[in-house]
Amino acid sequence: MDDLKLALVLNAVSPQVGGVLVRGEKGTAKSTIVRALAELLPAVDVVPGCRFACDPAAPYGQCPDGPHDGGRETRRARLVELPVGASEDRLAGSLDLEKALAHGVAAFEPGLLAAAHRGVLYVDEVNLLHDHLVDLLLDAAALGTCYVEREGVSVRHAARFLLAGTMNPEEGELRPQLLDRFGLTVEVRASRDPGERAEVIRRRMAYERDPEGFSADWAAREQELAARIAEARERVRSVRLPDAALKQIATVCAGFEVDGMRADLVTAHAAVAHAAWAGRDKVTTRDVREAARLALPHRRRRDPFDAPGLDEKKLDELLNQFPDDPDDTDPPDGPQDERNDQGRDDQSPADQVDPGQTDQGQAERSPADQGQAHQNQANPDQGLNDQRFNDQHQNQQDQAQQGHADPTQGESFQVAGTPYKARLFSVPGVGGGAPGRRSRGRSAKGRTVGSRTPKAKVTNVHLMATLRAAARRGWRQGPVRAADLREAVREGREGNLVLFVVDASGSMGARKRMGEVKTAVLSLLLDAYQRRDKIGLITFRGDSAELVLPPTSSVEAGAARMRLLKTGGRTPIAAGLVKAAEVLAVERLRDPARRPLVVVVTDGRATSGAADSDTHRAAALLKDTACVVVDCESGPVRLGLAARLAVRLAAPVVDLSDVAHVMKAA
């Protein structure tokens, strides 16, 4: 939590840092602390009546409400929240196309980016936001300008804001190129200290009893912190970035092999802001270290399955290559060293930000205090077979490789190989689910395939269809009317729910076949990540099936479950199919527009219960669902049981060796 508060403060001191992404488990007050930041920001002067919050001292030259003729009013910086289900029109603003076509008037309705100008734009569950919306808001944050181009009309306005996003990694990851656009990233989790947890409960219950009194008790502390942020904002303009610090930043970013130059720039801005916050007029090694800890972990992912992290020992080694100049030093601490207040019962959470935490202080922190990101230090070359996984399961691997496990009765464990590019499996027909890259689907973006009469406000006018409708009505009755409007129907690609139903019985563990199966499923998981799918994982063995991973956008979680999968016991195929039907029935209620694709991975040898009849009845439950059967049978004599299952599911059958994508010859 200290890192989170520090990251938010650095962005408040210098908006050029580029925002902060908060990653963490549920129930850690991520949203609460971000919302609290708006109360600490200095008030802003705005032009009266300007919907775009223009600064009277320097109004935006192309403001749609301009030109401005003077006057000013002061108000608090706004906190604007972007809901997950927001549309592009709600975010960027929209043109009233009915007025534009019927009356020739270009009326622009500002969106949330305009409302957030010179304030805070908060996106809860940013990983669940549609990719094109994330691209749009990150472009606006980087450029400081929002562009709306539609039907030949161009509108632009200023959009400079502090961007704060929160996410739970269990619900899915952001693409690496989008992660890179956030200046800082912080991993948070709830405290494991019983005393701190008790204090959280105590304060929360005190607030519930008397909200106004509780706020009044902490008002003085908040005012002190707000004043300090304002002072740091003024000081940041005069902070020097010496050559030694600049070389440290470049050395650290190059040493951790981050892509591009954005990491260097963000680290530099964050180090300057940290120095200003600590009351120094020159950036020191301490500032660079704190900036790098927050700016680099999320930029080091080389694979979608890699966890973000930073090797702090390596960080110190890189920083020591260019130490501070001993003849040109500033006081070690800022105007207020808040570490002396740590542990006070009446301490404000905002007062716990440590502006001058030393390297020694970092080393003395226990693993429980250093946060999840510090425990999970990432290795850029770890790939999918990371050392932690290998250490944890070395004994099981040895047993599997030496044949110590009974392939039919006991349990065996096999390790997956390196994932490969998988072939595309898609759902037939045209859907209307969330935008993605797997199956054909109706989409706001894509090629135009037709037109229709709008059911709500028109956002994408089909000009030719509109003109044809007006012509059929007759031009003598006047120009284009609202009733003539037709909207474009576009077709693109949608994301699906890919539900893996994996046979983990003893027969699958024979001849190291499960290692090949894991590799294939991991490859399909990687493909699902790239195509913006949700995924789920069901395994069946013994006498039952288990939902190992409920449908989620977190492909990392699916990969982790797949790596730990053991084999052994009988083959209850029917139980696996029944469990799949149950899961899909629940998901249809939650997300009826997202079409499912069931991938059954098995050798087809049903050996539990009344195998053949049970399997036939279970397959009937999935008769209206798109399925694919991956045949894992091997050996010189094949029974073709997986192919028979595919016939019952009305699904194509693919041999395990054919899951890999094959490039077509020129």
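Since we're looking at a predicted model, the values are computed, not measured.
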*Steps toward side chain to side chain contact (heavy atoms under 4.5 Å, CB included) verdict (Glu487, His462)*: CA-CA 5 Å; Glu487 64 181 359; His462 193 298; 6.0 Å; no
Report yes if the side chains of [X] and [Y] come closer than 4.5 Å at any heavy-atom pair, otherwise no.
X      : Y      : result
Arg438 : Val427 : no
Asp264 : Thr267 : no
Val17  : Leu184 : yes
Leu137 : Leu129 : yes
Leu138 : Phe182 : yes
Leu639 : Asp603 : no
Tyr420 : Thr519 : yes
Arg442 : Val430 : yes

What pairs of donor and acceptor atoms, side-chain ones from residues 581-588 against any protein atom, are under 3.5 angstrom apart with sequence neighbours left out?
| residue | atom | partner | partner atom | Å |
| --- | --- | --- | --- | --- |
| Glu587 | OE2 | Arg590 | NH1 | 3.0 |
| Arg588 | NH2 | Thr625 | OG1 | 3.2 |

Do the side chains of [X] and [Y] get close enough for a salt bridge, i.e. N-O under 4.0 angstrom?
X      : Y      : answer
Asp527 : Arg423 : no
Asp591 : Arg594 : yes
Arg293 : Asp3   : yes

Measure across [X] and [Y] and return the closest heavy-atom pair with its distance rounded to 0.1 Å.
X      : Y      : value
Ala545 : Ala575 : CB-O, 3.4 Å
Ala504 : Thr539 : CB-CB, 4.5 Å
Arg532 : Gly436 : CB-CA, 3.9 Å
Ala140 : Leu113 : CB-CD1, 3.9 Å

Taking atom [atom1] of [X] and atom [atom2] of [Y], what is their separation to the nearest 0.5 Å?
X      : Y      : atom1 : atom2 : value
Phe256 : Asp311 : CZ    : CG    : 6.0 Å
Asp139 : Cys146 : CG    : SG    : 10.0 Å
Leu21  : Arg23  : CG    : CZ    : 7.0 Å
Arg189 : Lys30  : CZ    : NZ    : 14.0 Å
Leu597 : Ser426 : CG    : OG    : 8.0 Å
Leu645 : Leu577 : CG    : CG    : 6.0 Å

Do [X] side-chain atoms and [Y] backbone N/O form a donor-acceptor pair below 3.5 Å?
X      : Y      : answer
Ser523 : Ala422 : no
Lys518 : Leu565 : yes
Asp631 : Glu633 : yes

*Arg262: side chain to side chain contact (heavy atoms under 4.5 Å, CB included) partners, not counting sequence neighbours*: Asp180, Arg181, Val266, Arg299
*asked:* side-chain hydrogen bond (donor to acceptor under 3.5 Å, both in side chains), that's the test. Do Ser553 and Tyr529 meet it? Break it down for me.
replied: CA-CA 8 Å; Ser553 297; Tyr529 168 83; over 6 Å; no
*Honestly, is Lys579 close enough over Phe540, meaning NZ or CZ under 6.0 Å from the six-membered ring centre and within 45° of the axis?*
no
*Chi angles and distances behind the side chain to side chain contact (heavy atoms under 4.5 Å, CB included) call for Leu656, Glu516*: CA-CA 8 Å; Leu656 180 62; Glu516 299 176 12; 3.8 Å; yes
Review item, side-chain donor-acceptor pairs of residues 496-503, under 3.5 Å, at least two apart:
| residue | atom | partner | partner atom | Å |
| --- | --- | --- | --- | --- |
| Asn496 | OD1 | Ser439 | OG | 2.7 |
| Asn496 | ND2 | Glu494 | OE2 | 3.2 |
| Asn496 | ND2 | Arg595 | O | 3.2 |
| Asp503 | OD1 | Ser505 | N | 2.9 |
| Asp503 | OD1 | Ser505 | OG | 2.7 |
| Asp503 | OD2 | Thr602 | OG1 | 2.8 |

_Tell me which one of Leu549, Leu524, Val521 satisfies side chain to side chain contact (heavy atoms under 4.5 Å, CB included) with Met562._
Val521
_Testing Leu547, Val548, Leu525 one by one against Leu537 for a side chain to side chain contact (heavy atoms under 4.5 Å, CB included), which residue passes?_
Val548
_Within the supplied structure, the quantity of interest is the number of heavy atoms (other residues, nucleotides, ligands) at a distance under 6.0 Å from Arg531 CZ; does it exceed 12?_
yes
*For the pair Arg90 and Leu112, evaluate side chain to side chain contact (heavy atoms under 4.5 Å, CB included) and give the outcome as yes or no after the intermediate values.*
CA-CA 6 Å; Arg90 183 73 182 108; Leu112 296 177; 3.4 Å; yes
*asked:* Let's go through Leu91 and Leu82 carefully: what are the C-alpha distance in whole Å and the side-chain angles of both, what is the deciding distance for side chain to side chain contact (heavy atoms under 4.5 Å, CB included) to 0.1 Å, and is it a yes or a no?
replied: CA-CA 8 Å; Leu91 177 61; Leu82 175 63; 3.9 Å; yes
*Any chance the side chains of Thr185 and His298 put a donor and an acceptor closer than 3.5 Å?*
yes
